[in-house]
Number of protein chains: 2
Amino acid sequence: MILEKKKTFNAFAARQGLRSTRQRDVILDVFLATHEHLSVEELYLKVKASQPGIGQATVYRTLKLFVEAGLAREMMLPDGQTRYEHQLVGEHHDHLICTGCNAIIEFEDEQIEQLQRDIAKRHGFSLTAHKMQLYGLCPTCLRATA
Amino acid sequence: MILEKKKTFNAFAARQGLRSTRQRDVILDVFLATHEHLSVEELYLKVKASQPGIGQATVYRTLKLFVEAGLAREMMLPDGQTRYEHQLVGEHHDHLICTGCNAIIEFEDEQIEQLQRDIAKRHGFSLTAHKMQLYGLCPTCLRATA
DNA sequence: CAAGTTATTGAAAGTCGTTTTCAAAAGGCC
DNA sequence: GGCCTTTTGAAAACGACTTTCAATAACTTG
């Protein structure tokens with residue numbers, strides 16, 4: 001699966017006439033090895049740990065490429081940092097976010113997606129993307145608050 | 001209705017021990033007179049037109065108060081600016097956004113809200129808020145693209 | 001209503017995430 | 001290996017927003 005993603009990126013790079021560099025390889029490896037919703041800063045630290053000397057700017061630039069290549073998705077939380085998560089082709093999930101501990105739970109709901117398509121259709125829109133975040137307190141934080 | 005909102009704010013101000021100032025009155029008037037999803041910058045320009053000398057910082061500070069008072073809602077679009085819209089008590093709508101012309105259409109869907117509550121419940125969350133944006137092309141932009 | 005206390009203000013400086021600039025370095029092609 | 005072009009890192013620039021701070025304005029109290 002990681003190999004598959006690397007292929008996806010290489011295909012994209014070839015299509016765009018991008019050069020293959022050590023930096024991009026490292027950043028892709030680091031990104032693919034994670035499973036959280038990481039900020040650029042966090043990614044940058046991991047990258048630097050594995051290859052000191054790689055600059056932040058390169059990490060920023062490369063993550064944008066991943067989005068273009070379709071293997072990452074940007075998400076903006078109210079904390080003001082852009083975070084990146086893996087994007088599996090054809091799959092799109094949404095987020096349930098705990099405002100207590102910032103935990104993020106992913107979910108998918110085909111019924112909601114269908115209703116979203118209905119709404120778009122009703123307004124004559126051709127839908128290309130959507131974002132949905134539910135905010136609340138997770139069971140642990142609820143218990144702590146009570 | 002505008003009067004009602006002013007009362008809401010005054011009540012909030014009194015509760016918080018806030019002082020009543022000319023600046024806050026002006027900003028509230030300007031805000032209530034709008035019907036779009038305005039950025040702070042846009043609001044600031046309108047405010048300055050009506051009362052030159054009011055600073056940006058005051059507009060930023062005051063809009064946050066409106067949110068706390070429950071009469072405005074923040075929304076962040078991918079353009080990086082925070083926008084504010086009116087918030088009617090008990091009503092919460094979502095947005096359908098045209099990526100061509102940036103038009104914003106508001107909608108409400110009780111079915112989706114119910115499903116959201118179900119999802120939260122399933123994960124043991126106590127839901128406090130949600131954000132949902134659908135992105136696509138509006139009929140006009142669709143026609144222009146074709 | 002004057003005096004004192006405290007909140008509020010505007011301007012400017014500061015933050016912080018992100019982007020751009022630019023010269024040096026590296027990649028790919030002949 | 002040379003040549004042209006992309007990519008890079010460091011530092012500067014950017015832009016939205018927040019903070020600082022001294023001046024000013026709003027309540028409170030006597």
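Every chain is numbered from 1 and lettered A, B, ... according to where its sequence line falls, protein lines coming before strand lines. We use all heavy atoms of the structure for the numbers below, so side chains are in, but hydrogens, waters and symmetry mates are not.
- Atoms CZ (B:Arg83) and P (D:dC17) sit 10 Å apart, rounded to a whole Å.
- Checking A:Gln87 against A:His92 by side-chain atom types alone, no donor-acceptor pair falls below 3.5 Å.
- At C:dT18, one or more side-chain N or O atoms of A:Thr82 fall inside 4.0 Å of OP1 or OP2 (strictly under the cut-off).
- Spacing between atom CD of B:Gln81 and atom P of D:dC17 amounts to 6 Å, rounded to whole angstrom units.
- Put simply, the side chain of B:Arg24 gets close to the backbone of B:Arg19: a donor and an acceptor are under 3.5 Å apart.
- Between the CG atom of B:Leu63 and the P atom of D:dA16 there is a distance of 15 Å, rounded to whole Å.
- Using a 3.5 Å distance cut-off with no hydrogens or angles, the side chains of B:Glu106 and B:His37 do pair a donor with an acceptor.
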Run the salt bridge (charged side-chain N to carboxylate O under 4.0 Å, His left out) test on A:Lys6 and A:Asp29 for me, step by step, so that the C-alpha distance in whole Å, both residues' side-chain angles and the decisive distance to 0.1 Å come before the verdict.
CA-CA 9 Å; A:Lys6 288 198 185 187; A:Asp29 279 341; 2.6 Å; yes
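- Contact check, A:Tyr60 against C:dT19: no side-chain N or O comes under 4.0 Å of OP1 or OP2.
- We find that CD of B:Gln16 is positioned 16 Å from P of D:dC27, with the value rounded to whole Å.
- Listed by chain and number, the hydrophobic cluster partners of A:Leu137 are A:Leu142, where partners are ILVMFWY side chains within reach of under 4.5 Å, directly or through others.
- Side-chain contact, B:Glu108 with B:His93: no donor N or O sits under 3.5 Å from an acceptor N or O.
- Partners of A:Arg83 according to the salt bridge (Lys or Arg N to Asp or Glu O under 4.0 Å) rule, which considers only residues two or more places apart in sequence or in another chain, are A:Glu42, A:Asp79.
- DNA chain C lies under 4.0 Å from at least one heavy atom of each of the following residues of residues 20-28 of chain B: B:Thr21, B:Gln23, B:Arg24.
- In the region residues 64-75 of chain B, proximity to DNA chain C at under 4.0 angstrom, judged on heavy atoms, holds for none of the residues.
- For the pair B:Asp79 CG and D:dG15 P, the interatomic distance rounds to 14 Å; values are reported in whole Å.
- No donor-acceptor distance shorter than 3.5 angstrom exists from the side chain of B:Thr99 to the backbone of B:Tyr135, with no hydrogens or angles considered.
- Using a 4.0 Å heavy-atom distance criterion, A:Gly53 is classed as a sugar-phosphate-only contact.
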Produce the list of close N/O pairs, under 3.5 Å, pairing protein atoms with atoms of nucleotides 22-25 of chain C; give distances to one decimal.
none

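- The environment of NZ in A:Lys46 is sparse: at most 12 heavy-atom neighbours from other residues, nucleotides or ligands sit within 6.0 Å.
- Here B:Pro139 pairs with A:Phe125, B:Arg143 under the side chain to side chain contact (heavy atoms under 4.5 Å, CB included) rule; sequence neighbours left out.
- Put simply, CG on B:Asn10 is 15 Å from C1' on D:dA26, counting in whole angstrom units.
- Centroid-to-centroid, the aromatic rings of A:His95 and A:Phe107 stay 6.0 Å apart or farther.
- Take the nearest nucleotide of DNA chain D for A:Thr58 and for B:Gln56: the residue whose nucleotide is more 5' is A:Thr58.
- Both B:Gly55 and B:Gly17 lie near DNA chain C, and the one whose nearest nucleotide falls closer to the 5' end is B:Gly17.
- Nucleotide C:dT6 holds its C1' atom 13 Å from the CG atom of B:Leu18, rounded to whole Å.
- Taking atom CD1 on B:Ile54 and atom C1' on C:dT8, their separation rounds to 12 Å, with Å as the unit.
- Taking the ring centroids of B:Tyr84 and B:Phe66, they lie at or beyond the 6.0 Å cut-off.
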